[in-house]
Amino acid sequence: MLKDNVIRMEHGAGGEPMQALIRDLILNNITFRSAGLVGLDALDDGATISISGIIENNNINDNTTGNNPGEIVVTTDSHVIKPAFFPDSNIGRLAVSGTVNDLAVMGAAPLALTCAMIVPEGFELESFEKIIRSMNQAAEEVGVPIIAGDTKTVERNGLDSIIINTTGIGVANEVIRDCGLCAGDKVILTGTMGDHGISLLAHREGFELGTNLVSDVAPLWNMIKSVVKIRTLEGKTAISSMKDPTRGGVAGALNEIAQKSGTGIVIEQKDLPIKESVSSACEMLGIDPLEVANEGKAIIGVKAEHAEEVLAILREHEYGKDAAIIGEATDENTGKVLMRTTIGSMRYVDTPTGDLIPRIC
Ligand code: MG
């Protein structure tokens with residue numbers, strides 16, 4: 001329920017107040033919202049425009065009859081992270097990676113990006129150029145051109161740091177949804193959890209947590225493209241669902257997958273990859289690492305018979321070297337996530353209600 005008559009920080013925090021804002025004020029007032037298989041109301045990592053629909057609606061000569069021409073995938077994201085520079089990276093790499101990853105987890109190859117920047121007066125030109133170079137480097141890494149942009153400046157008292165919006169356009173032969181998990185599928189996490197959120201928090205608050213604690217921000221398409229092509233005997237992709245565990249962390253992403261797929265998920269605490277430094281920082285600060293944002297990880301649901309093959313391929317990649325099977329989907333406790341703890345008890349893993357750490361993506 002939307003109780004207040006003004007926007008509050010929690011309306012952008014990923015929990016129930018944000019869901020209410022999206023449902024009551026956005027989806028209720030945008031009535032024309034689907035152009036393909038996945039529309040705005042699916043609230044997936046991106047939405048799609050069906051290529052066969054474009055051909056049909058525009059009387060374009062269709063040479064692809066009989067083949068599925070696939071779907072154009074579109075996603076957009078604004079990045080408000082503070083500070084703009086954080087351990088090992090900056091908002092530029094984040095803005096490109098975040099959008100490339102939302103396309104990647106839909107099974108889409110990135111075709112092009114656009115970039116809109118809002119910069120406060122007084123922002124240093126040297127920092128600005130560093131950010132642009134980082135954007136270019138991340139985009140180059142996955143071979144995606146940045147083809148359009150916009151720059152706006154505002155008075156220094158209207159904004160405290162740079163904001164970057166990126167829109168990504170991709171193409172997928174077979175779109176991977178966050179609602180496709182089936183009972184029996186294995187669930188893979190592609191690396192250690194919590195690195196981004198905890199390193200940013202430590203940097204911002206001035207905690208000394210060891211030198212290996214840096215953000216994991218990375219564009220994942222090169223890694224993900226090598227697993228989306230793995231096929232079942234029926235010729236379909238072996239990947240049943242995928243999501244990047246950003247805001248809301250692994251807990252948020254797993255719950256969304258379980259709810260949308262109508263399955264339960266059971267994860268094993270002992271199998272969750274986590275760095276020692278992140279684990280002890282979380283303990284010290286009383287933070288559940290399952291709820292902390294990641295910017296270079298994916299959660300992948302895969303047919304059980306292909307799980308080891310997918311894991312082996314992920315581990316060959318630098319961003320997937322710590323990948324692990326963390327659990328599986330069940331037909332019990334549908335819509336819920338359970339964790340078998342290291343002492344053998346079971347506990348529910350709930351969707352985080354708010355943002356533990358604001359302005360980290
Ligand atoms: Mg996402």
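Ligands are counted one by one from 1 in listed order, and the atoms in each one are counted from 1 as well.
- Among heteroatoms of the N, O or S kind in D45, OD1 lies nearest the Mg ion (ligand 1).
- Counting just the N/O/S atoms of D244, the one with the shortest distance to the Mg ion (ligand 1) is named OD1.
- Side chains of I81 and R359 form no contact here, defined as non-hydrogen atoms less than 4.5 Å apart.
- In this model, a donor atom of one side chain and an acceptor atom of the other lie less than 3.5 Å apart for N90 and S134.
- Between the side chains of D102 and T99, no donor N or O sits under 3.5 Å from an acceptor N or O.
- If you run side chain to side chain contact (heavy atoms under 4.5 Å, CB included) between M242 and each of L181, I299, T237, V105, only V105 comes through.
- Looking only at its N/O/S atoms, D102 has OD1 as the one nearest to the Mg ion (ligand 1).
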